[in-house]
Amino acid sequence: MYAAFRSVGSYVPKNVMTNEDLEKIVETSDEWITKRTGIKTRYIADKDESTSDMGVEAAKVALERAGIEPSQLDMIVCATISPDYFCMPSTACMIAKKLGVANIPAFDISAACSGFIYALAMARSFVESKTAKNVLIIGAEKLSAIVDYTDRTTCVLFGDGAGAAIIGATENENEAIIDVNISSDGNYYDYLITPGCGTNRPCSGETLKEHACFMKMKGNETFKVAVKTLTNDVVEILKNNNIESSQIDHFIPHQANYRILNAVAQALKLKDEQLVITVGKYGNTSSASIPMAMNDLYEEGRLKAGDLMLLDAFGGGFTWGSALVPFAPRKTS
Ligand code: UT7
């Protein structure tokens, strides 16, 4: 049994936040943000809109495109660092409830910006081992709830949104996900961190005063490791599978910074049309960024059956991952 990437969907909240809006909140400028990151806008969820609300909307699109009813799902995996609830219940359980599904495994993955590729690795394993036939994977984030809007070094970077995909069983080897590689190095745990309000430093007046429940990043240091790791990771997965970068139809990296994406694409000698860039529009949406970018490609009519996608992600932990995935849309009913 093989695992096929059947469909993609996404959800973008309606409130746009421009660089000019941020200029009114912190000491920054459209010029700085554009030059250093390529970001122009990001989208922000409503106050009463949760991560699972966005995940459900993305999931409905992916389910519809795969021709699958929620009742046909065998498993739901949600990657997120901004869950609806601290500790429990999982966002995946909330998504299952909102889809009207029960009595299947539903769980979250915490792998920061690499979360979607970690979820893909899980889904692939469960399908290939014949434990599941249809797995819904989701990357969903309400990062605006964990961003410190007094910290200009992080607040200009992040946005909200969700992406989802259906991974289904197939006996057709041509449809099979070719390879997924995931890894981590916890020695860098404090480069990207929410230092407070976990069990290490429980929520208290002090942690709240220090804004310790918000994301902190050693941006410049993270940038350097990100470029190196993202490049090595894709070079390795291509080599291991005897695939040339020229054979890739779409390189869809995690959308953190335009300069990072360009550096990796140049190292791989990719043509402009192979590189998918949405960071300018959405900012960094962590685990949601890859499926959101893929969804845009699909809706633009540029992602066709049989196209070979190369996915590449890097994030807090540090975690990273890459995947070689043929797009294999097929309605089951
Ligand atoms: O998604 C997970 C992985 N994340 C990443 O891979 C992100 C990696 N990092 C980055 O993308 C970049 O490092 C940033 C975009 C976060 C920052 O860009 P940078 O070129 O590395 O800038 P920097 O941190 O070295 O800061 C340069 C200057 C500093 O001022 P001084 O010390 O040179 O006077 C900062 O204080 O820019 C200043 N600065 C800002 N200025 C205006 C930092 N943030 C801002 C801001 N507006 N928003």
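First listed ligand is number 1; within each ligand, the first listed atom is number 1. Residue numbers run from 1 in the order of the sequence given.
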Assess, by modelled atom type and distance only, whether the side chains of R65 and N295 contain a donor and an acceptor separated by less than 3.5 Å.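 N295 and R65 do have a side-chain donor-acceptor pair below 3.5 Å.
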
Under 3.5 Å, is there a donor-acceptor pair between the D84 and S52 side chains?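 Yes, side-chain donor-acceptor contact under 3.5 Å.
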
Is the contact between V156 and ligand 1 made by the side chain, the backbone, both, or neither, using heavy atoms and a 4.0 Å cut-off?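 Looking at V156 and ligand 1, just side chain atoms fall under 4.0 Å.
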
Do the side-chain sulfurs (SG) of C197 and C213 come closer than 2.5 Å?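 The answer is yes, since C213 and C197 bring their SG atoms under 2.5 Å apart.
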
Between [X] and [Y] (salt bridge meaning N to carboxylate O under 4.0 Å), is one present in this structure?
X: K60; Y: E57; answer: yes
X: K216; Y: E210; answer: no
X: R302; Y: E273; answer: no

Of the listed options ([options]), which comes nearest to [atom] when hydrogens are ignored and any heavy atom counts?
atom: atom 8 (C) of ligand 1; options: C113, S29, A313, G219; value: G219
atom: atom 44 (N) of ligand 1; options: W32, Y191, Y258, F318; value: W32
atom: atom 11 (O) of ligand 1; options: N220, N257, I260; value: N257

My question is simple, although I want it checked carefully: is atom 33 (O) of ligand 1 less than 4.0 angstrom from any protein heavy atom?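 No, there is no protein heavy atom closer to it than 4.0 Å.
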
Determine, counting only non-hydrogen atoms of the protein, whether one lies under 4.0 angstrom from atom 29 (C) of ligand 1.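 There is no protein heavy atom less than 4.0 Å from atom 29 (C) of ligand 1.
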
Is the number of heavy atoms from other residues, nucleotides or ligands under 6.0 Å of Y258 OH greater than 12?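 Counting neighbours around OH of Y258, 12 or fewer heavy atoms of other residues, nucleotides or ligands fall under 6.0 Å, so no.
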
Under a heavy-atom criterion of less than 4.0 Å, does I33 contact ligand 1?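 It does not, in that no heavy atom of I33 comes within the 4.0 Å cut-off of ligand 1.
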
Closest non-hydrogen protein atom to [atom], residue and atom name please, with distance?
atom: atom 35 (C) of ligand 1; value: R152 NH2, 4.0 Å
atom: atom 27 (C) of ligand 1; value: R36 NH1, 3.5 Å
atom: atom 18 (O) of ligand 1; value: R259 NH2, 3.5 Å
atom: atom 47 (N) of ligand 1; value: T28 OG1, 2.7 Å

